[in-house]
Amino acid sequence: MTELLAYYARRAQEYERIYAKPERQADLAWLRRRLGELLAGRRVLELACGTGWWTEKVAPHAAEILALDASDEVLAVARAKAYPPERVRFTRGDCFAPPDCGRRHDALLAAFWWSHVPRARLEGFLRDAEAAVAPGALMVFLDNRYVEGSSTPIERRDAAGDTYQRRRLDDGSAHEVLKNFPDEAELRQAAGASSREVAVETTQHFWLLRYRAA
Ligand SMILES: C[S@@+](CC[C@H](N)C(=O)[O-])C[C@H]1O[C@@H](n2cnc3c(N)ncnc32)[C@H](O)[C@@H]1O
């Protein structure tokens, strides 16, 4: 198990507190609305679904969602939520080796996952993610922007350019977590190599990238 995975397994029960930060509420409402619009009627493959916070928000709009995470602990929280009947399935799996679903999904969603992908693995991750969904599928990623006073401070940057935060959990444990904050140019460049219709939208706290897979 990776350190990142162990951290999120331990955080499962307290994870959704992050969505209660008062200063982020307006931006989160906007994101929910945008995801509902973008993913309406689509067959969605959701990577790193975590506790299903976004799965629950998108489910009323999507045709179906297959939601994947590598942690049994967060999947247990996600599975306990209520979804429209027959529309949502969960599976344990690795974002870096997405399952073969016959390329039946016409959209891919990954919320707050991009920031945890080491820069050196980003291109390979995107290539494999695109290969897991239908040709021309809509790729949707969203994540945090760094906001002084709201974001956990960055403690260090390594030689590859990856940045790290030190986070504490309720049990007193401390964890160093890789958390990158790409700017718009980096997002466009990462998406651009093999894609079309790239669009980046930002709010104060979040970015939302979408493009069509090749
Ligand atoms: C920041 S959380 C995002 C959860 C959810 N998408 C959200 O936005 O609330 C990152 C998630 O990635 C999962 N994770 C970590 N490494 C993974 C991997 N290699 N494959 C799949 N999921 C992984 C963790 O278990 C955690 O649920």
Side-chain angles (χ1 to χ4, degrees), residues 1-21 24-25 27-32 34-36 38-39 44-59 62 65-81 83 88-101 107-122 124-129 132-133 139-146 150-152 162-169 175-182 203 205-209:
M1 188 189 277
T2 64
E3 277 178 39
L4 183 70
L5 202 49
Y7 164 74
Y8 277 110
R10 252 170 124 147
R11 189 181 162 192
Q13 297 301 326
E14 56 192 276
Y15 178 78
E16 293 196 1
R17 256 189 253 151
I18 195 72
Y19 290 118
K21 287 198 172 195
R24 298 186 181 180
Q25 294 311 304
D27 288 8
L28 285 168
W30 177 85
L31 268 179
R32 285 171 62 162
R34 288 298 288 132
L35 288 187
L38 290 169
L39 299 173
V44 179
L45 175 61
E46 184 185 359
L47 299 183
C49 65
T51 59
W53 202 86
W54 292 100
T55 320
E56 187 184 38
K57 311 296 181 280
V58 170
I65 305 178
L66 175 62
L68 172 148
D69 200 284
S71 159
D72 284 325
E73 287 82 352
V74 301
L75 283 172
V77 178
R79 285 194 168 105
K81 294 190 162 117
Y83 305 96
V88 179
R89 283 192 304 124
F90 292 95
T91 187
R92 184 154 63 85
D94 186 352
C95 287
F96 292 111
D100 180 357
C101 309
L108 182 137
L109 169 66
F112 302 99
W113 168 248
W114 184 296
S115 54
H116 294 313
V117 178
R119 284 165 188 272
R121 297 190 75 176
L122 191 59
F125 161 68
L126 291 175
R127 191 182 52 232
D128 292 346
V133 291
M139 310 291 288
V140 180
F141 298 92
L142 59 105
D143 219 307
N144 297 93
R145 299 178 70 202
Y146 187 82
S150 181
S151 305
T152 305
D162 292 323
T163 49
Y164 296 82
Q165 298 170 326
R166 177 149 295 272
R167 300 182 181 181
R168 283 201 176 278
L169 295 178
H175 304 259
E176 185 178 69
V177 176
L178 187 162
K179 179 84 181 176
N180 286 326
F181 295 91
T203 63
H205 292 276
F206 305 108
W207 56 259
L208 173 65
L209 164 70

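One-based numbering, in listed order, for ligands and for the atoms of each.
When ring centroids are compared, F206 and F112 come within the 6.0 Å threshold.
The closest protein non-hydrogen atom to atom 20 (N) of ligand 1 is C95 N, 2.8 Å. The single protein non-hydrogen atom nearest to atom 15 (C) of ligand 1 is W113 CZ3, 3.5 Å, given as residue, atom name and distance. What sits closest to atom 22 (N) of ligand 1 on the protein, heavy atoms only, is A70 N, 3.3 Å. Residue, atom and distance of the protein heavy atom nearest to atom 8 (O) of ligand 1 are Y19 OH, 2.9 Å. Here the heavy atom of the protein found nearest to atom 18 (C) of ligand 1 is D94 OD1, 3.6 Å. Looking from atom 11 (C) of ligand 1 to the surrounding protein, the closest heavy atom is D69 OD2, 3.7 Å. In this structure, atom 6 (N) of ligand 1 lies nearest to the protein heavy atom A48 O, 2.6 Å.
Using a 4.5 Å heavy-atom cutoff, the side chains of L109 and L47 are not in contact. In this structure the side chain of Y83 never reaches within 4.5 angstrom of the side chain of I65, judged on heavy atoms.
If you check the side chains of T163 and N180, you find a donor sitting under 3.5 Å from an acceptor.
Contacts between C49 and ligand 1 below 4.0 angstrom, taking non-hydrogen atoms only, involve the backbone exclusively. When non-hydrogen atoms are compared, ligand 1 lies under 4.0 Å from the backbone of F112 as well as from its side chain.
Under a 4.0 Å heavy-atom criterion, H116 is in contact with ligand 1. Under a 4.0 angstrom heavy-atom cut-off, G93 registers as being in contact with ligand 1.
Within the 3.5 Å criterion, the main-chain N or O of F90 finds a donor-acceptor partner in the side chain of R79.
Checked against a 3.5 angstrom limit, the closest N/O atoms of V74 and ligand 1 fall outside it. Between S71 and ligand 1, no N or O atom pair is found at a separation short of 3.5 Å.
Geometrically, R24 does not engage Y19 in a cation-pi contact, judged by NZ or CZ lying under 6.0 Å from the ring centre and within 45° of the ring axis.
Nearest heavy atoms, E46 versus T55: OE1-OG1, 2.7 Å. In terms of heavy-atom proximity, S115 sits nearest to L178 at O-CD2, 3.3 Å.
Ligand-side atoms of ligand 1 in range of W54: 7 (C), 8 (O), 9 (O), range being under 4.0 angstrom from any heavy atom. Those atoms of ligand 1 with a heavy atom of L5 less than 4.0 angstrom away are 14 (N), 15 (C), 16 (N), 25 (O).
Surrounding CD of Q25 are more than 12 heavy atoms belonging to other residues, nucleotides or ligands, all under 6.0 Å away.
When each of R167, H116, E176 is paired with Y7, the side-chain hydrogen bond (donor to acceptor under 3.5 Å, both in side chains) condition holds for R167 and for no other.
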